[in-house]
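One structure is given below, encoded as structure tokens.
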2 protein chains.
Amino acid sequence: MTSSTATAAPSPEVGDGRRRILEAAAELFQVRGYAETSTRTIAEAVDMRAASIYHHFDSKDALLTEILAIGMQAVTDAFDAAELATEPDETGAQRLQRHVTAHLDALFGHKAFTAAHVTVFPFVPAAVRVASVEDRDRYEARWTDLLGSIAPELDPSQVRVVRLSLFGVMNSTLDWFDPAAEGSLDELANAFVSTLWSGLGTVGGGN
Amino acid sequence: MTSSTATAAPSPEVGDGRRRILEAAAELFQVRGYAETSTRTIAEAVDMRAASIYHHFDSKDALLTEILAIGMQAVTDAFDAAELATEPDETGAQRLQRHVTAHLDALFGHKAFTAAHVTVFPFVPAAVRVASVEDRDRYEARWTDLLGSIAPELDPSQVRVVRLSLFGVMNSTLDWFDPAAEGSLDELANAFVSTLWSGLGTVGGGN
DNA sequence: GACCCTACCGAACGATCGTTAGGCAGGCAA
DNA sequence: TTGCCTGCCTAACGATCGTTCGGTAGGGTC
């Protein structure tokens, strides 16, 4: 209809189809699961046919692999940005809270892509898993270093328990926290870190 | 070969096939996922053919429904047993730790059945989900009452956050804790509760 | 021996899956 | 005008899925 070249194009832009497939597939994988989502269902969500997906991706597995990579990129970038914002005189709790906030922001800011790592990752084909495990190991190592740095009194096995427990809490929020309805992620991060640091006994009475 | 009637039967006992299918299916669902596990794979694990499963269960969905019910029964029974062990002069932290231990004991004691609720539940067919949601709601209500009872200074929305966070930590242990290699679940429960109550700052220094 | 019940099997059904082959429309370059 | 490239299509392939049908072997009961 409108065909002026100066205004933003209302029709599909170049490379738009590929991005739309990625987002629709990530959303469907998160809600229904990987094996439960067919290529025809993905295509239907973007008003295409299943065969068209194969113009943009080699296979359904390759599509999932890219979705997982995008999710890891989001949390990794968020971690690095939080690290750069470190100030010399801040406390360990402050630094930890900035990273928890960054992780939660990345989780919910790219929810479909990050949630794929939490929900469907255990069941993805082995070939897809090995393609993502390197990214995941790198991210875990960042947290291991961080926690060891701000809590040097913990031995490595304790750091591991704290890290995995913290991941358990943070990642579980994808299932039950709604940033639009329940408040800011920063407040949630503050609740997590202050509880982890000082305990419910003091937090519950103080707030 | 051996056909004596007095000794324990080396051949399959009555009702044995059904139980073996349940356990094999639960294990496969946990490791591979529900949609990724075919009835033929389940049958192979118990040295049968796929058709034989339908002698014991109406459908693959019915098999999953029963597995989920067994898992919920395990954690519910554990909760009730822990509740009965309440002593009049114990602290809130002691009572909480007994329930955390009970939950972890049930999780790992019937791992394949309880893990199904954590890993495959989000993706199970809607009909199966509604069959389990009542059991799950009842168990959640038990924990809501418990936490509200031992931390009366928290308002309902805070209780909800604490409950869901605690579930996030406890259920995540299925992915990374190995009771056989890493120590007792009681110690893990103690670490969780003491951290939740008093914070890492005191725990880390004291231990 | 006749009968039945439990536990299992072989074979097949229709549906759905991921994927491929080949074609067509439109935009852009020469 | 010709030719190519991008983006999407229809149609179909073989594989695998959950499930059903019609059996059969064996043990217990009368």
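Note that the structure is a prediction, hence the values are computed from the model and not measured. What's counted below: heavy atoms across the whole structure, side chains too, no hydrogens, waters or symmetry copies. Residue numbers start from 1 in every chain, and the chains themselves are labelled A, B, ... in the order their sequence lines are given, proteins ahead of strands.
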For atom CZ of B:Arg40 and atom P of C:dC17, their distance in whole Å:
16 Å
Carboxylate-amine/guanidinium contact B:Glu23 B:Arg19, below 4.0 Å:
yes
Using a strict 4.0 Å threshold on nitrogen-to-oxygen distance, state whether B:Arg49 and B:Glu44 make a salt bridge.
no
Which nucleotide wins on minimum distance to the side chain of A:Thr39, given the candidates D:dT20, C:dT19, C:dC8?
C:dT19
note: A:Asp61, atom CG; C:dG18, atom P; distance rounded to Å ~ 10 Å
Hey, can you tell me if A:Phe79 and A:His99 have their rings parallel, tilted or perpendicular (30° and 60° cut-offs)?
tilted
Hey, does A:Thr41 reach any base, or is it just sugar-phosphate, or nothing, if we go heavy atoms under 4.0 Å?
nothing
Whole-Å distance, A:His55 NE2 to C:dG26 P, equals 17 Å
For B:Arg49 and C:dA12, what is the distance between atoms CZ and P respectively, to the nearest whole Å?
17 Å
Run the salt-bridge test on B:Asp80 and B:Arg142 with the 4.0 Å N-O cut-off and return the result as yes or no.
yes
In whole angstrom, give the distance that lies between atom NZ of A:Lys60 and atom C1' of C:dT20.
17 Å
When the distance from CZ of A:Phe57 to P of C:dT20 is rounded to whole Å, what number comes out?
15 Å
Which whole-number value in Å describes the distance from B:Tyr54 OH to C:dA12 P?
19 Å
Contact nearer the 5' end of DNA chain C, comparing B:Ala50 with A:Asp58
B:Ala50
Does D:dC17 have OP1 or OP2 under 4.0 Å away from a side-chain N or O of B:Ser38?
yes
From CD of B:Glu36 over to P of C:dC17, roughly how many Å is that when rounded to an integer?
14 Å
Tell me what A:Ser52 touches on the nucleic acid: a base, only sugar-phosphate, or nothing, going by heavy atoms under 4.0 Å.
base
